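All of these numbers come straight from a predicted model, not from anything done at the bench. FYI, side chains are in, hydrogens and waters are out, and symmetry mates aren't considered; it's all heavy atoms of this structure. Residue numbering restarts at 1 for every chain, and letters A, B, ... go by the order of the sequence lines.
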Amino acid sequence: MLHPENDKGEIVLLRPEFNFMSITLQIKQAVQLAVQQVYQTEIALTDILINETKPEFEGDYTLVTFAFSKKLGLRPDEIAHKLGENLLEKADLIQGFNVVKGFLNLILREDVYFKYLHQIRKQTNFGMFAANGQKVMIEYSSPNTNKPLHFGHLRNIFLGSALSNLLKNNGYEVVKANLINDRGIHICKSMIAWQKFANGANPENTGIKGDHLVGDYYVRFNDEYKIQIQSLKDAGMSQEEAEKKAPIMLEAQEMLRKWESGDPETLSLWKTMNDWVYSGFYHTYQRMGISFDAMYYESNTYLLGKEIVEKGLTNGHLFKKEDGSVWVDLKEEGLDEKLLLRGDGTSVYITQDIGTAVLKYNEHHMQRSVYVIGDEQNYHMQVLKLILQKLNEPRADGIFHLSYGMVELPSGKMKSREGTVVDADDMVDEMIATARKNTEELGKVDDFNAEELQTLYHTLGLGALKFYLLRVDPKKRMIFNPQESIDFHGFTGPFVQFTHARISSIFRKANPDWKNESTTDEHSLNEDEKGLIRMLDEYPLVLQQAGEEYNLALLCNYLHHLAKSFNGFLTQHSVLKAESAATRLFRLQLSEVCKHVIQHGLSLLGVDAPERM
RNA sequence: GGUCUCGUAGCUCAGUUGGAUAGAGCAACAGCCUUCUAAGCUGUAGGUCUUUGGUUCGAAUCCAAACGGGAUCACCA
């Protein structure tokens, strides 16, 4: 219900035509004027609190006057009465009022609703914002190349992808970026295991998807590693020593050294196996409707990172220790000293992140750079931003870590070693299969051909999955119960999709000429209709707030609420068989906007809205 | 131990720039399909908003402490 404000406390009009129409803003302006007239006091629009009136009271919107009470030194109910009388007399949008303690319940004239609905109907892209000249990069997904994507990645991917859609909608120029972690000991582990155990197995001759194939050898490495540790321990070695001395681990480390020194054979294998993984990832992204504008590879950026660090050393922002290692001092910032280059000159994790950040900026010159990364890296991201600021890298202040909580199983964390990881491809398959099962049981689309059915199952399965992962506040960790799987009832994607299909059904059965109809009859609004219009009024604000807070859950909640309200409306009132021609026309218009908002909102979440289901 | 973070119905989550009697979904129970799609709707039941103290007209929301989860504090990535 609030309008966003800038530093000066002024209302910000992202797209003036929306806010001009907004019912709540109209009321606020009227209240502002009333306060001025009755009490000769200026009051900021942002200090005016307007809520929707609770159903148990009479009214449409409610002004809370407690805050004025302190400023004016008067009783809240007295202020409410005075303002109510003034508004009734002066403001032509108010038809009546009542006062309960400090709450001034306002009854709007019906034509306020009609006018609003007509105005948003004129907006062909209601919910879309004009370009704001700002460019933002959003990095998400960012997988390692040693194993397939799992359920935890899905939260990351859907968050990043939906956030990209949302910010684009809200007027930003968006660059979707993916940073591939393609180098390091983890990929060498898969490579070693493949060399030793695969007998030349590849995606073609096994039919196994490339990322899964490589992942299998990563698992195989760990199995072998465990066995070797055990036998070394049986021979009297300590756990710690055995972990260091296990031959297969030494081989992996040797391979990493070869990789870093540019050994052609090693590089060739590395490239081959990474390509298997990429084609697997590509397939997974594609079926989920995920895409990127810019790809970054850590194997490309770590060298740039080194350069930046060297430069920082000569600038005196960094310092060198006796062993030749390079450090940054973050004690002033309340942190510790952090290592940036090892004594032997090799880079560490954060070095390549520094390089990537600079490369990103050099290529795109964006004002803001969002990193969708799990909350276990909060500290790391804080350090990265501080270092870049310290090095005076441009737009370091524009870095934002969209930190999301881990997806956990009821039994706790997913652990690959314990085989409790839920694979992303399996999950998508399972959701599509569930969609199929539910659809077949209901038997509503028996006339669909095979292709239409495939599309529908895909739409519903992915809709359920995406909505499920986006409906929770990203900051909070969430628990996923695979046994119960994901429901298609209640607060879910398919529920919202279903509402869209129902509305679509109405329009299929209406005379297509209804848009040309006109009537001079009067239609009197009922509470359900008013409630729906109030919800539509809220939509641009929800989008704006969701964008500013990087919180897609707000949009999910809104869409569920809207769909729920619409379903309630539909069971109470008939559209096509309305009492009068005017009512029928009005309800068609209202339904049309609701359909648009549902479709538009879902599209931002990356979810399709089916015409039938 | 330091820092950060979370604690709301049996379960999963909303609600947190302080506002009326704290809301959804799932699970449970009772109803509603000759009427635009029942993947729906309505009702019942379910709460010491972890606890204690503070701030005030008013606290789930802000502050402090305690208790209980989680993350992190690597020359790993």
Which one, [options], comes nearest to the side chain of [X]?
X        : options             : answer
A:Phe498 : B:A77, B:A38, B:A71 : B:A38
A:Thr571 : B:C41, B:A20, B:U72 : B:C41
A:Leu49  : B:C36, B:A77, B:G19 : B:G19
A:Lys413 : B:A71, B:A74, B:C41 : B:A71
A:Glu376 : B:A71, B:U21, B:G25 : B:A71
A:Asn144 : B:A77, B:C41, B:G19 : B:A77
A:Tyr379 : B:G40, B:C36, B:C73 : B:C73

Syn or anti conformation of B:C62, syn meaning chi within 90° of 0: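 Anti conformation for B:C62.
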
With the threshold set at under 4.0 Å for non-hydrogen atoms, list the residues of residues 179-189 of chain A touching RNA chain B in residue-number order. A:Asn181, A:Arg183

Residues within residues 63-81 of chain A bordering RNA chain B, heavy-atom distance below 4.0 Å: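 Heavy-atom contacts with RNA chain B come from A:Val64, A:Phe66, A:Ala67.
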
Mark yes or no: A:Arg471 above the aromatic ring of A:Phe491, with NZ or CZ under 6.0 Å from the six-membered ring centre and no more than 45 degrees from the axis.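 Pair A:Arg471/A:Phe491 counts as cation-pi.
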
Sub-3.5 Å pairs of nitrogen or oxygen atoms, protein against nucleotides 9-14 of chain B:
from, atom 1, to, atom 2, distance (Å)
B:C13, OP1, A:Ile479, N, 2.7
B:A14, OP1, A:Asp473, N, 2.7
B:A14, OP2, A:Lys476, NZ, 3.2
B:A14, O2', A:Asn557, OD1, 3.4

Within a reach of under 6.0 Å around NE2 of A:His561, are more than 12 heavy atoms found that belong to other residues, nucleotides or ligands? no

Taking pairing as Watson-Crick or G-U wobble with both contacts under 3.5 Å, can you name the mate of [N], or confirm there isn't one?
N     : result
B:C36 : none
B:C4  : B:G70
B:G10 : B:C26

Whole-Å distance, A:His489 NE2 to B:A27 P, equals 8 Å

Test your reading of the model: is there a side-chain donor-acceptor pair from A:Glu440 to the backbone of A:Lys437, 3.5 Å cut-off?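 Looks like no, no N/O pair under 3.5 Å.
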
